Number of protein chains: 2
Amino acid sequence: MQRSTNRKRANLRDVAAAAGVSVATVSRVMNAPETVAEATRKRVEEAMNSLHWVPSAAARAINTGRTRFVGALVPTLDNAIFARVLASMESRLAAHRLSLVVATTDNDPAQEAEKAKGLVDIGAEGLIVSGITHAPQFYSLIERCQLATVSTSFYDPGYRLPTIGYDNAAAARTALTHLTDLGHRRIAVVHGPSSSNDRTRSRIAGLEGHSPKPDLSFHEVPLSIAGGCEAGRGILQAEEQPSAVLCLSDVLASGVLFELQREGVAVPQEKSVMGLDDLAASAHLFPALTTVHLPVSRMGTAAADAIASWVETQQAPTPSLLKSKLVVRDSTAFLSAAAKPGTGNRDGSDSDGQSIPGTA
Amino acid sequence: MQRSTNRKRANLRDVAAAAGVSVATVSRVMNAPETVAEATRKRVEEAMNSLHWVPSAAARAINTGRTRFVGALVPTLDNAIFARVLASMESRLAAHRLSLVVATTDNDPAQEAEKAKGLVDIGAEGLIVSGITHAPQFYSLIERCQLATVSTSFYDPGYRLPTIGYDNAAAARTALTHLTDLGHRRIAVVHGPSSSNDRTRSRIAGLEGHSPKPDLSFHEVPLSIAGGCEAGRGILQAEEQPSAVLCLSDVLASGVLFELQREGVAVPQEKSVMGLDDLAASAHLFPALTTVHLPVSRMGTAAADAIASWVETQQAPTPSLLKSKLVVRDSTAFLSAAAKPGTGNRDGSDSDGQSIPGTA
DNA sequence: ATGGTTGATGAAACCAGTTACATGTGTCAA
DNA sequence: TTGACACATGTAACTGGTTTCATCAACCAT
């Protein structure tokens, strides 16, 4: 571990000089070793090692025009769903020999635009964002840079950027239909902040005009387990008790579930609870959460493939719609006498949650 | 949105020519605008805009020697705890005007070494890793590159890399002491794969030589909610029922909790369950999880500060120990007659989980 | 002996910026 | 009037690689 006295890092010229060859030959040893004579190559490699030479990424990038990394702008890492998407993106991008730079936006378009600028400044070749609501500066940035950018979590073929996502409104509608199929009419809807989140808005909008028309009460809370608990408390305080709670996100459903248990409300006997997302944890909750599965892993790989092909071929990908799917588990059940709104009866029969064939 | 016919991106020379100035002046407009005359600057800025010029990150990096991003190698994104650390790192690094490149290693040293190589190849100025077990190639890489690298989640001042983390063994011991203080002697220990994870090994080791000496049975399962459920089932099948379950990770504790509920075992009346991590969700579970708080957010910011100062000043930071702390909630209680091991009694009195003063 | 081909290597241009140094102009005090 | 100095700007070297093209020797078939 000699801390050699020569202050600066060795460069190509140093290696070439040490090996007694030209810089071109050293470069060849790196990029096309088979074109270099065995003996020469060995000599060069020795020189590289003895000088502890490491090629400069920047210098390579300046020639190839490729930095080999893309940026992802996500609202937060605190929700498992984004961690999931990022995980699948990262692994698929690695297969394309691309790295992933993560930046969080906190659902704030201004922050997103700023971080996007930062990513461009460090040389991102492409961007992956969530949703279709962005700041004007964001659009002008990607337009000016002609930057490959795909949008996820929201399918909209008419959007100015290629979208790779699902139909949030339809997913919410699927969930609501499941509850009405079970006979529920008075339903509490729990959702995260809608003002800053177009996915949430779309899910809420998807509930409109449903037939049969249910009686919906809306609860907007922070998008977290704690938020779900808060909603749970709010619902229990309401005068007219709903027989079912539709959460537009699984983390909220988890919180609601915990809070209802804490208050001694049996799910699904007294109240049905359902989510939307299908996190890995949801299948293991007690009771196992009925939800609408969003194919976030597939979305991550699809987005990775799309951005990779875009930066590779300069051809924008086509939008892609991923199907969501109802998955019925144990947290929802037919509306029973015991769960009739307003009775306050908490005896709850021991019936299993009914399985309804998927309607997706 | 004119797709101009000139194929290649404009460069500094083009802008200089368009503005009728030298390249140096254009560069100055970027980096020291106050040294350029008002009128000239305006002319240059107009030229930049009309040519849609975007400075090349690579070209800048080659001169400054700075790429302004560091890499983080984490085992997985699927565990909320890593998402948490990354979130706090990312936000603190942003304050240092550094970006964060994320790579997952799946707890595999070989994969870690490979991804580290990839990060160096694209120009990472520093690395943040988890734990103190790494492949030889990893060490030779960072040594050869003289790469600023800090290790997290594990405090060890004697380690070859600066560590910023906590004392895993002590945290586990704290948890065990809490349970023995409550009178528990027959305790099931649930943990993730130990062969590939030095944090887990350290936590297990921390349980040794405890006084009073409890009767421990170990359950190794995948580090996930599903793994926790699996462990829960395993525990219930055991002949000698433990009165408490010590999970060396909160996600496992959550799974155990859900599974026990599913099987109708009351927590903490029949069995105490405790975790270790203190995830954001843990306080909101039902029952709220007693656990040992690991200051992962502070660790993230500390690691970010450390790596930032290292790449800035070329001075390695000093190792730093972050204190863990017992947080008693509702999932643990005094060993009661009802929960005496082996009785199979599941009546469970309705007593609240007892609060024990923190012993951290 | 000669010309063509192949293989290994080097010289130098090139990528897109930054920056040390030189130059030229204008202002002001001596 | 002149020298000192600040200010704006330009020239050209420099960063650390890649790549084109030229060179040259060895080999082989005529």
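Heavy atoms only: backbone and side chains are in, while hydrogens, waters and symmetry mates are out. Fair warning: this is a prediction, and the values are worked out from it, not measured in the lab. Convention: sequence-line order gives letters A, B, ...; per-chain numbering from 1.
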>> Does dT18(C) have its OP1 or OP2 closer than 4.0 Å to a side-chain nitrogen or oxygen of Asn31(B)?
In response: yes

>> Nearest heavy atom decides the nucleotide; on that basis, is Val26(A) or Ala59(B) closer to the 5' end of DNA chain D?
In response: Ala59(B)

> Roughly, in whole Å, what's the span from CG in Asp121(B) to P in dT18(D)?
Replying inline: 11 Å

> Considering only dT9(D), dG10(D), dG17(D), which nucleotide approaches the side chain of Ser22(B) most closely?
Replying inline: dG10(D)

> Is the CZ atom of Arg97(A) crowded by more than 12 outside heavy atoms at less than 6.0 Å?
Replying inline: no

> Looking at Thr25(A), does any N or O in its side chain come under 4.0 Å of the phosphate oxygens OP1/OP2 on dG10(C)?
Replying inline: yes

>> Starting the side chain at C-beta, find the nucleotide from dA8(C), dT18(D), dT19(C) nearest to Ser27(B).
In response: dT19(C)

> Tell me: CG of Leu12(A) to P of dA11(C), nearest whole Å?
Replying inline: 14 Å

>> Between dG16(D) and Arg60(A), counting only base atoms on the nucleotide and side-chain atoms on the residue, is there a donor-acceptor pair under 3.5 Å?
In response: no

>> Using heavy-atom distances to pick each residue's nearest nucleotide on DNA chain D, tell me which of Ala39(B) and Asn63(B) is more 5'.
In response: Ala39(B)

>> Are Phe69(A) and Phe69(B), when compared by the centres of their aromatic rings, separated by less than 6.0 Å?
In response: yes

>> Expressed as a whole number of angstroms, how long is the span from Met48(B):CE to dG17(C):P?
In response: 9 Å

>> Is there, by distance only and without an angle test, a donor paired with an acceptor across the side chain of Arg9(A) and the base of dG16(D) below 3.5 Å?
In response: no

>> For Asp156(A), is there any backbone N or O sitting under 3.5 Å from a side-chain donor or acceptor partner on Thr163(A)?
In response: yes

>> Whole angstroms only, please: what is the CG-C1' distance between Asn11(B) and dA16(C)?
In response: 6 Å

>> Looking at Glu45(A), I'd like to know if its CD atom is crowded, meaning that more than 12 non-hydrogen atoms belonging to other residues, nucleotides or ligands lie closer than 6.0 Å.
In response: yes

> Counting only N and O atoms by type, is there a donor-acceptor contact under 3.5 Å from the side chain of Thr104(B) to the main-chain atoms of Pro75(B)?
Replying inline: no

>> Closest approach to the side chain of Ser56(B), judged atom by atom: which nucleotide of dA11(C), dC15(C), dG17(C) is it?
In response: dG17(C)

> Of all the choices, dG17(C), dA8(C), dG17(D), which nucleotide is nearest to the side chain of Ala37(A) once you look at every atom?
Replying inline: dA8(C)

>> Can you measure Met30(B) atom CE to dG17(C) atom P for me and round it to whole angstrom units?
In response: 8 Å

> What integer distance in Å separates Arg43(A):CZ from dA8(C):C1'?
Replying inline: 12 Å

> Roughly, in whole Å, what's the span from CZ in Arg41(B) to P in dA8(D)?
Replying inline: 10 Å

> Can you tell me how far P of dG10(D) sits from CZ of Arg13(B), to the nearest Å?
Replying inline: 14 Å

> So which one's nearest nucleotide on DNA chain C is more toward 5', Arg28(B) or Val54(B)?
Replying inline: Val54(B)

